[in-house]
Amino acid sequence: MIKEKVVEKKDTSTKTEEKKNKKMAKKTKIIIVGITIFILLILALLSVIFALVNKNNDKILNGISINGIEVQGKTKEEAKQLLEEKTNAKKKEDLILKMNATTEDNEEYNGVISFEQLQLNYKIDEAVDKAYNIGRDSNVFANNFSIIKTNFSKNDIELPFEYNNEELQKQIDTINGQIPGVVIESSYYIDEDSDELVITKGKTGVEVDPDLLKEEVEEEIKNVDNTEKEISLSTKSKEPEPIDLDKIYSEIHTEPKDAYYTQNPFTLYPHVDGVDFAISMDDAKKLLEEDKEEYIIPLKITHPNITTDKIGSEGFPDLLGTFSTNYNAGNTSRTTNLRLASNKIDGTVLMPGETFSYNKVVGERTIAAGYKEAAMYSGGKVVDGLGGGICQISSTLYNAVIFANLEIVSRSNHQFVPSYVKASRDATVVYGAIDFKFKNNRNYPIRIKSSVSGGVAKVSIYGMKEDTEYEVKIETKITGSIPMQTTYEDDPTLEQGKEVVEQKGHNGTYSEAYKVLYLNGKVVSRTLLSKDKYSQMSTIIRRGTKATETTTTPPATTPETPTTTPETPTEPETPETSTEPEEPTNSNTPGTSTGSGDNNTVQSDKNEIKN
């Protein structure tokens, strides 16, 4: 009995302890829940207070930037003003493209992408609104979370932008035509004098990767605050496209058609010469199996009864634009080249929407075509080269085209400033690599009238005036200078100590050209035509290395005190100067659409092979 009582006492004690523990746990839960609710209420109260405090805050939160530009703590207007200052400066920048290669004059090649010509447009309002709206959502708690988060982690907003993609492609095409070792694509033209199709075989070279360059340019556009304005230009090896004779035939084959026009409204239909191979297609393809630089395929040309030139002035009644340059008529070889190129473009008719190609119309400059050796630029020097001077015709045409308010498709500047036009008023051409192209963007056909006579090269554009015609002026300005350098060349045929100036140099130039349209005497638009860089031309001095010969006089028979008479030093020769291209005799102010332009004498053009 005693044992049983003890056991019952222990069971009662255990149960009492368990009850106490349960009560304690319950109280603990209540306390925890109470504390949690209290904390939540405090947080909610603080959140409301925090939201009310930030409600009237008109500034962008901490930790927020746009394209890396800090805008935290700024109002929307302040942020917009900051971005406008940065982007306006960016729009005027030139992106320098450095290439690990040298030009023929041993200068490092630098290409240029003009952001101004790309018509950059940054969407500042969109980016600032996005930055400003962070922490200003309709959900108070989400706002507070965003506000707290921006204090501990950065938030960089992307600045959207847009640009003229066609213009960028133009600039890339220009760079592709200028880089050292550029690939030369196969090309062809019709020699109207001999009725032959001349096909020139391409040459392996390099080219800019357009997709990669576009990505790099876009990356630089994004870096609004970046002060570095240079990137490395990457190129890739490229084989020329194979000659596609079937495609060429489809492009040149036509049936003869008479020219005619209709009235009300006036519409001109130019004549079409009938063109066909004079041999079979199989025989023509056999010619291409030979390993040659140039292939000649005879053509059968059939002229229509009524040609466009017989229509006369009624088809092209109005002068739309004209420009002239001067040349040295005494330089017969160069004059010949000018006349040949001028005759090729003379009478060319361009229908609305059609594009003119200088290289295709003029053709390759060869001895067979009648071209002569004349002064041109090559390797940083003035040398004689085949076809020297034809760039004066392309440059004269370029100015006439601008005055006629036609669209420029492709144009490149020379390596050096030519003397017959001002900087940024020239258009160089290199057969197979650099072309000058323009488009007839008017509503009516146009005809080119070109002449070379009496020391004046003149190009005029005729057509029919439209309802609204603008007066066109060209403005140019020099924006920078590149100092001239002096190089010395050792000459073993010239006595030591003597020097002869082989070539006089001149400074290089940075320049810009603008097309300004006037209507009723007021400016309606001012468009950037180009931003150009012209290299400096080094002064080259030949330095003599030939040792001076001395004559030894035998001693006298009778010894006597020797007397040394100092020799009279040889007078230094007056340095010779090689014949230079003629310098401008005068320079007029920018011409208008009916003016004759700058009256400058001729200077040799850039080499007709790639510089």
Side-chain angles (χ1 to χ4, degrees), residues 103-105 107 109-112 114 170-182 184 187 323 325 327 334 337-338 340-342 344-345 356-365 371 374-402 408-438 457 459 474 476 506 508-513 529-537 581 597-598 600 602-611:
T103 58
E104 289 190 5
D105 59 343
E107 287 190 355
Y109 174 78
N110 291 333
V112 176
S114 169
K170 276 186 190 179
Q171 295 192 40
I172 293 175
D173 290 343
T174 297
I175 292 169
N176 254 329
Q178 294 175 339
I179 58 176
V182 61
I184 305 296
S187 56
F323 191 77
T325 55
Y327 65 92
R334 193 175 188 283
N337 295 339
L338 294 179
L340 286 171
S342 175
K344 287 288 188 179
I345 68 173
F356 173 93
S357 164
Y358 189 85
N359 280 340
K360 184 159 284 189
V361 173
V362 174
E364 189 174 7
R365 281 62 90 179
Y371 287 96
M376 58 170 55
Y377 292 135
S378 176
K381 298 180 180 180
V382 178
V383 299
D384 282 340
L386 191 62
I390 65 142
C391 289
Q392 181 168 350
I393 301 301
S394 59
S395 297
T396 308
L397 174 63
Y398 172 58
N399 283 267
V401 165
I402 295 173
I408 305 300
V409 175
S410 176
R411 169 264 174 194
S412 300
N413 63 293
H414 287 77
Q415 182 183 10
F416 305 106
V417 179
S419 65
Y420 44 79
V421 288
K422 296 178 181 179
S424 291
R425 298 283 294 271
D426 61 322
T428 188
V429 287
V430 179
Y431 188 78
I434 302 177
D435 201 357
F436 168 55
K437 296 180 180 180
F438 69 90
V459 177
I474 304 174
T476 59
H506 55 70
T509 298
Y510 290 97
S511 61
E512 299 175 1
L529 290 170
S530 66
K531 298 177 76 171
D532 302 307
K533 173 195 172 186
Y534 297 88
S535 301
Q536 62 84 27
M537 177 180 281
D598 303 315
N600 295 341
V602 65
Q603 180 170 330
S604 56
D605 299 89
K606 182 179 178 181
N607 193 352
E608 289 306 304
I609 57 176
K610 184 73 184 79
N611 274 330

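What you see is a predicted model, and the numbers here were worked out from it, not measured in a lab. All heavy atoms count here, side chains included; hydrogens, waters and symmetry mates do not.
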task = Take Phe356 and Ile345, measure what side-chain contact (heavy atoms from CB on, under 4.5 Å) needs, and give me the verdict at the end.
result = CA-CA 10 Å; Phe356 173 93; Ile345 68 173; 3.8 Å; yes

message = Between Tyr534 and Ser424 (side chain of the first, backbone of the second, donor and acceptor by atom type, cut-off under 3.5 Å), is there such a pair?
response = yes

message = Can you give me the closest heavy-atom contact between Phe416 and Ser535, atom names plus distance?
response = CD2-O, 3.2 Å

remark   = Correct closest heavy-atom pair for Tyr358 and Ile393 would be OH-CB, 3.4 Å

key: Nearest heavy-atom neighbours spanning Gly389 and Leu338   = O-CD2, 2.9 Å

ask   = Looking at Ile408, Asp426, Val409, which hits side-chain contact (heavy atoms from CB on, under 4.5 Å) with Phe436?
value = Ile408

ask   = Looking at NZ of Lys422 and CD1 of Ile474, how far apart are the two atoms once the value is rounded to the nearest 0.5 Å?
value = 10.0 Å

message = Let me confirm one number: the CZ-OH distance from Arg334 to Tyr371, rounded to the nearest 0.5 Å.
response = 13.0 Å

note = Output for pair (Ile402 CD1, Leu529 CG), nearest 0.5 Å, gives 4.5 Å

ask   = Can any side-chain N or O of Gln171 pair as donor or acceptor with the backbone N or O of Ser114 at less than 3.5 Å?
value = yes

message = Run the salt bridge (charged side-chain N to carboxylate O under 4.0 Å, His left out) test against Lys437 and tell me which residues pass, sequence neighbours left out.
response = none

task = For residues Ala423 and Thr509, report the shortest heavy-atom separation together with the two atoms involved.
result = CB-CG2, 4.5 Å

